[in-house]
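So you know, we letter chains A, B, ... as the sequences are listed, proteins then strands, and number each from 1.
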There are 2 protein chains.
Amino acid sequence: MYTVKEVAQKINLTEHTIRFYTDKGLVPNIQRDKYNTRLFDEASLNWLIRVKYLKDCGMSIKDIKHFVDLYLEGDSSILTRYEIILKYKEIAQEQLEEAARRVKFMEKKVKHYLEIINQDISDDTTPR
Amino acid sequence: MYTVKEVAQKINLTEHTIRFYTDKGLVPNIQRDKYNTRLFDEASLNWLIRVKYLKDCGMSIKDIKHFVDLYLEGDSSILTRYEIILKYKEIAQEQLEEAARRVKFMEKKVKHYLEIINQDISDDTTPR
DNA sequence: CCTTGACTTCGTGTTACTCGAATGCAGTAC
DNA sequence: GTACTGCATTCGAGTAACACGAAGTCAAGG
């Protein structure tokens, strides 16, 4: 069983964000101890990780909540959930391509700047 | 010379966003015609593309504005700009890795769902 | 001349946090 | 036994980056 703080370190989210997510119902069956402290078991932790992945694919809080609700409905919602996951897998793939383009662009820029800087140094007749 | 609408289509941003960016000073030397309409030449368009890349690397509007101001200062700011670009190149690389992890995760999920669904169908003795 | 359509500014609304204040409980320090 | 420390809680306000709609301008077409 982990506290909010421990989970925050584990999966690199802020404590605020984790409380925000649990309050929004994105982690089903989250437990509390007698002092009302949130306690995460392995299942809750895994849910939170799933939530993070979906969010990073661009799914809104509302839609994640909807997905969680589908899960809680049980097996009858499996096909719907599959279609959602499939859609977000494709989004993830597009994001991967975009990220690759960004890296390329930034590398080009770095190279560009290096050329300018090196040229300036060799042109520079006055020592530092 | 392109209008806001044309630029929006070209680089896949909304017109709102483009006006928002220009109003924040993220596109230096943006021109206007006599009716006060924003007009983008190639240089402005390229700036906007650069802004988009930096933003997608997670740079805030404020920091992009700062970067633009450095550019307007001229050659004296080249080293500073280089360092910023270098930093965001690394961020872009981390994002690429994260994106790859996301794709992997989503592919795993898709596979998982497919297994469940197929099993259900073969278990199902009643025809549709 | 009036409508259509593309542009403008301005001001409010939305999402997803983000922060801080006020409060509560538990364990140690004296 | 009470004061302090530390970690947790809730709640409400603040922020960033748009997103949207209203209200207005202009110029060209029917």
| task | Output yes when a side-chain donor or acceptor of A/Gln9 lies under 3.5 Å from a complementary backbone atom of A/Glu6, and no otherwise. | result |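 No, A/Gln9 side chain to A/Glu6 backbone: no donor-acceptor pair under 3.5 Å.
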| field | Audit row: B/Thr80, B/Ser77, side chain to side chain donor-acceptor pair (under 3.5 Å) steps and yes/no | value | CA-CA 5 Å; B/Thr80 315; B/Ser77 67; over 6 Å; no
| query | Among residues 6-31 of chain A, which contact DNA chain C at a heavy-atom distance under 4.0 Å? | reply |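 Close to the strand are A/His16, A/Thr17, A/Phe20, A/Tyr21.
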| query | Got a sec? Which of residues 32-51 of chain B come in under 4.0 Å of DNA chain C, heavy atoms? | reply |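 The answer is B/Arg32, B/Asn36, B/Thr37, B/Arg38.
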| query | When the distance from CG of A/Asp56 to C1' of C/dA16 is rounded to whole Å, what number comes out? | reply |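 Atom-to-atom, A/Asp56 to C/dA16, this comes out as 13 Å.
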Do the side chains of [X] and [Y] get close enough for a salt bridge, i.e. N-O under 4.0 angstrom?
| X | Y | result |
| --- | --- | --- |
| B/Lys65 | B/Asp69 | yes |
| B/Asp23 | B/Arg38 | yes |
| B/Glu15 | B/Arg19 | yes |

| task | Can you establish whether the number of heavy atoms outside A/Asp33 located under 6.0 Å from its atom CG is more than 12? | result |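 Correct, the count exceeds 12.
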| request: Indicate, with yes or no, if the rings of B/Tyr71 and B/Trp47 have centres closer together than 6.0 Å. | output: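 Yes.
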| query | For DNA chain D, which nucleotides open and close the run of contacts to chain A, 5' to 3', at under 4.0 angstrom from a non-hydrogen atom? | reply |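 Using the under 4.0 Å cut-off, the span is D/dC7 to D/dT10.
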| query | Which pair of non-hydrogen atoms, one from A/Cys57 and one from B/Arg102, has the smallest distance, and what is that distance? | reply |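 Distance-wise, the nearest heavy atoms are SG-CD, 3.7 Å.
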| Are B/Lys89 and A/Val103 close enough, and set up right, to give a side-chain contact (heavy atoms from CB on, under 4.5 Å), and what steps lead you there? | CA-CA 6 Å; B/Lys89 188 211 69 177; A/Val103 168; 5.6 Å; no
| Can you tell me if A/Glu42 and A/Tyr2 form a side-chain donor-acceptor pair at under 3.5 Å? |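 A/Glu42 vs A/Tyr2: donor-acceptor pair found between side chains.
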